[in-house]
Undergrad: 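Encoded as structure tokens, here's the structure I'll be asking about.
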Amino acid sequence: MTVAAVVPAAGRGERLGPGEPKALRLLGGTTLLAQAVARLQSAAQVDLVVVAVPDGEQDRTAAELGVRTVVGGADRRASVAAALAALPDHVDVVLVHDAARPLAPSSLADAVVGAVHAGYLGVVPGLPLTDTIKQVDADGIVVATHERGALRAIQTPQGFRRDVLERAHAQVPLDSPVTDDAGLLELLGIPVLVIDGAEDAFKVTRPADLGRAEARLAVLAGEASR
Ligand code: C5P
């Protein structure tokens, strides 16, 4: 089996405030994207990495990170689709991983691939919630409270049989309100397995998340040097 990791990294990241595209923000003397890619490249189960980047960044990113690159699309889904279209024929398992989750450990990628190898068509990491989640209407009035014990906060990398993910991207209408790749499978009625996620796979979205990532990276570096 050949496993490719696809990294959508073409978003502007406006919730982080003004500056570089999110994937190119600095973390630990390098970029969010470089951190995420290095962890994928260290995963025993990952054979190659393809990154969807903003137009103009293809050559520099490919040279600096040792990855294949494609130009991303207008939204995350389009960026993933562009990377899928650039995969070599012999790839049969695909991980999709956000550049915005720079500290997701290599072991998490390996665990996701392991579950795909075991026969699951779609596999996502998830963590139990600490907050209570309420659904509200357009006026902010609560319409439902979902039972917390049955909910999971879903992370990346998400793993799929390549043929299944490509079919899902092709068949689900572009205007479907889907925010992750597993959501495409769900709309087609394909089962998706949730495995235990990792605290370190948190997403960098707002400025405070960058501070959290810097602090965590310092701890990880200290542990590695001991
Ligand atoms: O904005 P958000 O945090 O949901 O972005 C998730 C991931 O999707 C990020 O890694 C971002 O770079 C990527 N993305 C992309 N192309 C877009 C928009 C987002 O690759 N047009």
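Counting starts at 1 for both ligands and their atoms, following the listed order. Position 1 is the first residue of the sequence; numbering continues from there.
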Undergrad: Could you work out, with side chain to side chain contact (heavy atoms under 4.5 Å, CB included) as the rule, every residue matching Leu187, not counting sequence neighbours?
TA: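 Once residues adjacent in sequence are excluded, the partners of Leu187 under the side chain to side chain contact (heavy atoms under 4.5 Å, CB included) criterion are Val172, Ser176, Val178.
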Undergrad: Taking 4.0 angstrom as the limit, do Asp181 and Arg76 come out as a salt bridge?
TA: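 Yes, charged N to carboxylate O under 4.0 Å.
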Undergrad: For a 4.5 angstrom cut-off between non-hydrogen side-chain atoms, does Glu214 reach Leu27?
TA: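 A side-chain contact under 4.5 Å exists here.
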Undergrad: Who passes side chain to side chain contact (heavy atoms under 4.5 Å, CB included) against Ala83, sequence neighbours left out?
TA: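 Residues passing side chain to side chain contact (heavy atoms under 4.5 Å, CB included) with Ala83: Val6, Val50, Val70.
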Undergrad: Could you tell me whether Asp163 and Arg161 make a salt bridge, using a distance below 4.0 angstrom between a side-chain N and a carboxylate O?
TA: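 Counted as a salt bridge, because a side-chain N and a carboxylate O are separated by less than 4.0 Å.
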Undergrad: Got the residues with a heavy atom under 4.0 Å of ligand 1, by chain and number?
TA: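 Within 4.0 Å of ligand 1, protein side: Pro8, Ala9, Ala10, Gly11, Arg15, Lys22, Gly73, Ala74, Asp75, Arg76, Ser79, Asp98, Ala99, Ala100, Lys203.
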Undergrad: Kindly write out the residues that satisfy side chain to side chain donor-acceptor pair (under 3.5 Å) with Arg39, not counting sequence neighbours, or none if the list is empty.
TA: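 Per chain and number, Arg39 pairs via side chain to side chain donor-acceptor pair (under 3.5 Å) with Gln35.
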